[in-house]
Structures are given as C-alpha cells and as structure tokens.
Amino acid sequence: LPTTPELTTGRDAGNLRFHDFAPPMESFRAAVLEGLSRAEKAIPCRFLYDARGSRLFDLICEQPEYYPTLAETRILERHGDDIAAWIGPDAQLIELGSGSSVKVELLLDAMAAPAGYMPIDISREHLWTAAARIAARRPGLAVHAVCADYAQAFDLPRIPGRRVAFFPGSTIGNFDPTEARNFLALWRERLGAGGAMIVGVDLKKDPALINRAYNDAAGVTAAFSLNLLARANRELGAEFRLDGFAHHAHYDPAEGRVEIHLVSRRAQSVTIGDRIVRFAAGERLHIENSYKYDAEAFAALAEEAGFAWRTVWFDPDRLFSVHFLSVASDRVGTH
Ligand code: AVI
C-alpha cells in the first residue's frame, strides 16, 4: 500500500515529538449522498465524531447506563500490575484512537519504565492537547504523538522498544467481524516481532442492560445520533428537521450487535444542496453497529488474525473484557 509521508511540524518540545501524517479528510458530502441513495439508507459511523459529536461521546461515557467505560476502567485499575507484567520491559505503548488519553494513564502508572508512549489520533488538536498533558506530567517519558488514521497505511515512527498497542473502549465492536479481523491482522504486521496488543471488548450479556446503555435516560445517546443530521445541516447546508427523526438503538442477540438507526417520524423530503432525498414514514437510516463478543469468540477472531491469544481480564460483574494478544514470532511479516 502507498504510505503517506510524514510532515515536519515544528511543534516538538522537550520530551514531546509530533509526527503529522496529515490524514486526508474524507468527503462527508460524498459519503452522505452515496449512503442516502441506497435502498437501505446508511451513513458510516466514523462521521459521528465531529467536534460536537466527540464531546457528546465523552458525555455518553459519563452516563450511569453506559457501563463499558466504568467496567473497563475497573479492569485497568484492578489488573494494571498484571497487565504491565504481561507487557514486560522495554515496551513502547501505542494507543489507537487516543482521544483524551485518560485510560492509558492507568497502564502507564503500572508500567515500570515504558520505552515511550505513542498516541495515534486523527483529530490533530485533541491529540496535541492530550499528548502535551501527558508529556508535562511525565517528564521522563518520551511521547510521540502521531496524527494519522490508525486504520490506514503509514510508516509508524521508529522509536526504541517493542511495540505494544492499546485499543480500549470496545471500538473494535464498531467494525463488523470481518473488518475487525482484517484490522487486527494489519496491526499484527505493524507491531512486528516481540509485539503485543491489548484490546478492550464489550461482552454479550442481558439484552436489557445493553439496550439501557444505548438509550440513556438523559437522552445523550439520542443527541449523539441526531448530531449526524445536525452536522449535515451545518457542513453541507442540508435541511434535516431534527424533530422529524428518532434515535432507535436495539440489541439483536442473534447477530450479537446493537443496531443504531435514525427513524423517520413521517413521510418527508429533505434537501441536501441540489439533491432531494425522500423518507417514508418509519423508514430507517442506519448509522452504527456495536458488536458484542463472548471472550472465547473474540479469542478465536484474534487467532484468525494471526495473533497468539494469551489471556483475558474481566470486571467483577463480567460486563467487559480486556484481552492480551501477542505476535507469534514464527508468523511475523516483513513490516
Ligand atoms: C465508540 N464505540 C465503542 C461506542 C459503542 O459503544 O459502540 C460508540 C457509541 N455509540 C453509541 N453509544 C456509544
């Protein structure tokens, strides 16, 4: 795959280096128009995260019904020392989709002497602020902030230490299982010999508990979903009436996933620039899936991606899991 060259940023300071791969901004307009022209209307979930969407997602994580954040934090607090022992010495910790880098501090605290910390995020300013905070708090730690799309090809900066990736939050669940396997395989190649990956994965459980998490009483998740239409109004000059659509999130145990849609409350036409898109009453616009796994099923998926599955930690209520995968040395690729 062609890789994007790294830009010089002039932002380096002290123990902080900034590597900018200038991830291309995918066209929101093209994705919306293409997705709305399908028989089953859909917009990819990555477009939920503009600045307002990212703030709303942080708020979702604070809702009492949204158990994944709380449960994963508990795991990292309780088992941080054990996880650090599995990571071992001379490791650089690479965080995928680091956002505000909160959970990773629990791992950095537990690691005796990390060789470095490399947060990767597509959102440049968010990344810079979080990386600067960690670098200031930990003057002995080499922090390499990487602005890139972690699912795309780019040459990971070469810094000392074995590569250990941290992918928390069950973001892996927003891929379908085939995409998840391909994504893990890509990162296995990238991590190389001696590498490992720590992945947070939400578990299958009582559907009522899952449904509550995606339909919080304060309506934050609904606002997060509807922000996609508000974003289209702001950025594309679309004329979605937000009161014309309802957030609908439902866990399908057979598929093992939460399916999130915006449902048209009535028959309506929406103008987007020079296009008119028609919605029938009750018609659904798909905006996200969130897959849940049994620990065994995720271990099998990781093995199919070429990792050696090592161990898993759970919170006391068995709501969430954190898996430790290592790169089996006899299967290492050339990257
Ligand atoms: C980011 N991701 C793991 C969240 C999830 O639970 O699938 C996104 C989310 N959507 C609605 N609530 C949370």
Side-chain angles (χ1 to χ4, degrees), residues 42-73 75-76 95-104 119-123 126 149-151 165-177 179-180 183-184 198-231 245-253 255-263 284-293 298 301 315 319-323:
I43 298 176
C45 66
R46 57 185 174 277
F47 292 106
L48 288 163
Y49 300 89
D50 65 343
R52 181 162 181 268
S54 301
R55 279 199 301 277
L56 285 167
F57 178 66
D58 285 347
L59 258 185
I60 287 177
C61 295
E62 292 172 17
Q63 299 311 300
E65 299 93 334
Y66 193 71
Y67 62 81
T69 309
L70 214 66
E72 188 177 42
T73 303
I75 296 172
L76 298 174
E95 187 176 13
L96 313 184
S98 47
S100 23
S101 296
V102 175
K103 290 176 194 162
V104 75
I120 305 179
D121 208 288
I122 199 162
S123 166
H126 207 159
D149 176 348
Y150 59 73
F166 178 47
F167 192 37
S170 201
T171 303
I172 193 95
N174 297 128
F175 295 125
D176 71 33
E179 291 167 343
F183 176 80
L184 290 174
I198 300 159
V199 190
V201 184
D202 196 10
L203 294 169
K204 290 186 172 175
K205 62 181 69 65
D206 176 4
L209 214 66
I210 301 180
N211 282 324
R212 271 204 292 280
Y214 291 82
N215 292 282
D216 62 279
V220 181
T221 309
F224 174 69
S225 295
L226 285 165
N227 179 58
L228 191 59
L229 304 184
R231 177 179 180 184
F245 291 86
H247 161 81
H248 185 266
H250 177 72
Y251 179 62
D252 180 339
E255 296 285 351
R257 66 185 185 210
V258 179
E259 298 173 2
I260 306 184
H261 293 89
L262 290 168
V263 182
R284 303 183 327 166
L285 163 60
H286 182 252
I287 57 170
E288 190 177 46
N289 284 328
S290 188
Y291 280 84
K292 313 299 170 191
Y293 289 90
F298 185 76
L301 186 89
D315 58 297
L319 299 176
F320 202 87
S321 59
V322 171
H323 295 249

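In each ligand, atom 1 is the first atom listed, and ligand 1 is the first ligand listed. Hydrogens, waters and symmetry mates play no part in the numbers below; they use all other heavy atoms, side chains included. Heads up: numbering here begins at 1 and tracks the sequence.
Contact annotation: the side chain of I210 never approaches that of D202 to less than 4.5 Å [non-hydrogen atoms, C-beta and beyond]. Taking 4.5 Å as the limit, some side-chain heavy atom of P168 sits within range of a side-chain heavy atom of E95. Two residues are said to be in side-chain contact when any heavy atoms from C-beta on lie closer than 4.5 Å; Y150 and F183 meet this criterion. Here the side chains of L70 and F320 are not in contact, with every heavy-atom distance at 4.5 Å or above.
For the pair T171 and ligand 1, the shortest N or O to N or O distance does not fall below 3.5 Å. Taking only nitrogen or oxygen atoms, main chain and side chain alike, Y66 reaches within less than 3.5 Å of ligand 1.
Shown in contact with Y214 at under 4.0 Å from a heavy atom are these atoms of ligand 1, numbered in order with element: 5 (C), 6 (O), 7 (O), 11 (C), 12 (N), 13 (C). Remark: ligand 1 atoms within the under-4.0 Å shell around heavy atoms of Y49 are 1 (C), 8 (C). Using a 4.0 Å cut-off to heavy atoms of G169, the atoms of ligand 1 that qualify are 3 (C).
Using a 4.0 Å cutoff on heavy atoms, Y67 does not count as a contact of ligand 1. Ligand 1 is approached by S170 to a heavy-atom distance shorter than 4.0 Å.
Paired with L285 under the rule side chain to side chain contact (heavy atoms under 4.5 Å, CB included), one option of I260, V263, L229 passes, and it is L229. Exactly one residue among Y251, Y293, Y291 makes a side chain to side chain contact (heavy atoms under 4.5 Å, CB included) with K204. That residue is Y251.
Of the protein's non-hydrogen atoms, N174 OD1, 2.8 Å is the one closest to atom 2 (N) of ligand 1. When hydrogens are left out, the protein atom nearest atom 10 (N) of ligand 1 is E288 OE1, 2.7 Å; that is the closest non-hydrogen contact.
Considering G173, S290, C45 only, the shortest heavy-atom separation from atom 7 (O) of ligand 1 involves S290.
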* Evaluate the side chain to side chain donor-acceptor pair (under 3.5 Å) criterion for residues D50 and N227: first the C-alpha distance (whole Å), next the side-chain angles of each, then the deciding distance (0.1 Å), finally the verdict. => CA-CA 9 Å; D50 65 343; N227 179 58; 2.9 Å; yes
